[in-house]
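To keep things clear, I will list the structure first and then write my remarks on it.
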Amino acid sequence: MKRLLIQLPEELHHDLHELAVRHKASMAELVRRAIETVYEEELDGLMADREFACHVQDPTAAVTLEEYLTSRSARAV
């Protein structure tokens, strides 16, 4: 996992912290969920492009449809 430093307005930081406490999650987890929710279709497209490029170079390297659907389901949870 990679780190990303972001700057938030003080009030947004405070509110995000409050949400994290209410959801019993870290602020980072809430941000990751938000990104995945807002950009879900675009992220899926990037993943599909990446897997297709792998398949073109080496057909045995790409994920199966079942693996893809499983990874998509895991992100939706």
Side-chain angles (χ1 to χ4, degrees):
M1 189 165 298
K2 295 284 197 170
R3 289 184 177 265
L4 172 68
L5 178 65
I6 62 170
Q7 295 182 352
L8 301 173
E10 198 167 320
E11 186 175 347
L12 179 57
H13 183 274
H14 175 78
D15 292 344
L16 183 62
H17 182 266
E18 180 63 31
L19 284 176
V21 170
R22 290 181 186 183
H23 288 268
K24 296 180 179 161
S26 68
M27 293 192 307
E29 178 61 26
L30 294 182
V31 170
R32 281 190 294 271
R33 287 183 202 169
I35 290 169
E36 288 176 351
T37 299
V38 171
Y39 294 104
E40 179 179 16
E41 289 183 22
E42 290 178 75
L43 291 169
D44 284 347
L46 290 172
M47 181 180 172
D49 291 346
R50 192 169 42 250
E51 292 304 326
F52 182 72
C54 283
H55 179 71
V56 168
Q57 288 185 345
D58 178 8
T60 64
V63 299
T64 65
L65 177 60
E66 184 176 303
E67 291 168 332
Y68 167 75
L69 293 174
T70 300
S71 74
R72 183 178 165 120
S73 296
R75 280 192 287 150
V77 172

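Since the model is a prediction, treat every value here as computed from it, not as a measurement.
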CA sep, side-chain torsions, deciding dist, call: L30, M27, side-chain contact (heavy atoms from CB on, under 4.5 Å) | CA-CA 5 Å; L30 294 182; M27 293 192 307; 5.6 Å; no
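With a 4.5 Å cut-off on side-chain heavy atoms, D44 and E41 do not count as touching.
A donor-acceptor contact shorter than 3.5 Å is absent between the side chain of E29 and the backbone of S26.
Closest approach of I35 and L43 over heavy atoms only: O-CD1, 4.2 Å.
Among residues at least two apart or in separate chains, side chain to side chain donor-acceptor pair (under 3.5 Å) pairs with a member in residues 2-18 are E18-R22.
Every residue meeting the side-chain hydrogen bond (donor to acceptor under 3.5 Å, both in side chains) condition with D58, not counting sequence neighbours, appears here in chain and number order: T60.
The CZ atom of R32 sits 4.5 Å away from the CE atom of M1 when rounded to the nearest 0.5 Å.
L12 and V38 fall within a single hydrophobic cluster, where Ile, Leu, Val, Met, Phe, Trp and Tyr are joined by side-chain heavy atoms under 4.5 Å apart, directly or via other members. Hydrophobic clustering (ILVMFWY, side-chain heavy atoms < 4.5 Å, transitive): F52 and L65 are in distinct clusters. The hydrophobic cluster containing V21 does not contain V31, counting ILVMFWY residues as joined when their side-chain heavy atoms lie under 4.5 angstrom apart, directly or transitively.
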